[in-house]
Amino acid sequence: MPSSETWPIAAAMLPFPASHDAPAETWLAHLAEVAYEGFAEVDLTDSWLRVGDLEPARRAELADALRRTGLTPVAVSAIRCSGIDPDDGDANLAYSHRTIDAAAELGCTVVSVGLHRPLTEAQRGTLWFWTVDGPKDDPADWDLAVRRLRELGEHAAQVGLALSLEMYEDTLLGSAASAVRLVEDIAHPAVGLNPDLGNLYRLHRDVEPFQAAVAACAPHANYWHVKSYSRDVDPGTGAVTAVPAPMYAGSMNWRTAIRTAVAAGFDGPFCVEHYGGDGLSVMAENHRYLRRLLAVATGEVLAAVTR
């Protein structure tokens, strides 16, 4: 198990604009900001650039920018490219395979994929996209999801990577029970969960208890996107609101969650995320906060005062 100081905690590239076709100098500038905020690891989120679609010369430019900023690319998160999308599933599956190969070439350890689809026009037109329902998976596609995700897991294992499945509402990975069952049905040692429970906790509807979901998912997790929200429910009307918050200040008790996860054997990388405002600064604070929680969960704090 890593120590609290060596545990990989990556910055998501969510706060930066889509830059796939930007010059390498732009990539370098973005990555330099991440490094300046104290990060040593980064998640090459594909909303920033799609490593699976870069030509070899451009991947070499990215590798050089990572080297110059001292950042280790822990992971690639390929988002909204469901392999069971009724319209684009085949193309998304091929893209995921290309992403796995590119991630291995860049020296990553994990690729995170999910079953969520592109935002709808209504979702793109609102302040917080999670306040509008998006596409929903068909339970009849369960066996197809098992086959295609196992195929990706086998590919990941062949090139020395882990495959992590990101939880997301209204997909086959949309609850703790369903996500665990899917991983168990895939039954491949390279495939685990990315229990991004913030994706569920922020919904303006009833949600499963956060700590119960952590306890169920942590034994199956191999990567973890972490973020928080301030959630409120009006007891008179049942109206729910949820807005992004720093991890220490949100309604999700991460101190308990991290202790639960470490006790369950989780030792994979983390990736801090945040939506809205100065997302990078909030992520940097989440990074520091998470290291403190890991020091408690691993017993380092107690050992320091008792030796």
With salt bridge (charged side-chain N to carboxylate O under 4.0 Å, His left out) as the rule and sequence neighbours excluded, what pairs involving residues 89-110 come up?
Asp53-Arg98, Arg59-Glu105, Asp90-Arg148
Around atom CG of Asp206, are there more than 12 heavy atoms of other residues, nucleotides or ligands at under 6.0 Å?
no
Is the positively charged end of Arg124 above the ring of Phe129, judged by distance under 6.0 angstrom from the centroid and angle within 45° of the axis?
no
Ile100, Asp46, Leu62, Thr45 screened by side-chain contact (heavy atoms from CB on, under 4.5 Å) with Val51, the one that passes
Leu62
Can you find a side-chain donor-acceptor pair between Asp278 and Ser281 that sits under 3.5 Å?
yes
Quick one: does Arg80's side chain have a donor or acceptor within less than 3.5 Å of a partner on Pro118's backbone?
no
side-chain hydrogen bond (donor to acceptor under 3.5 Å, both in side chains) evaluation trace for Asn194 with Ser112
CA-CA 7 Å; Asn194 172 358; Ser112 176; 3.1 Å; yes
Quick one: does any side-chain atom of Thr256 pair with a main-chain N or O of Asn253 as donor and acceptor, under 3.5 Å?
no
Validate the cation-pi geometry between Arg147 and Trp142: distance from NZ or CZ to the six-membered ring centre under 6.0 Å, angle to the ring axis within 45°.
no
Pair His97-Glu151, side-chain donor/acceptor within less than 3.5 Å:
yes
Kindly compute the distance separating CD (Glu166) from OG (Ser77), expressed to the nearest 0.5 Å.
6.5 Å
Thr131 vs Gln123 side-chain heavy atoms within contact, under 4.5 Å
no
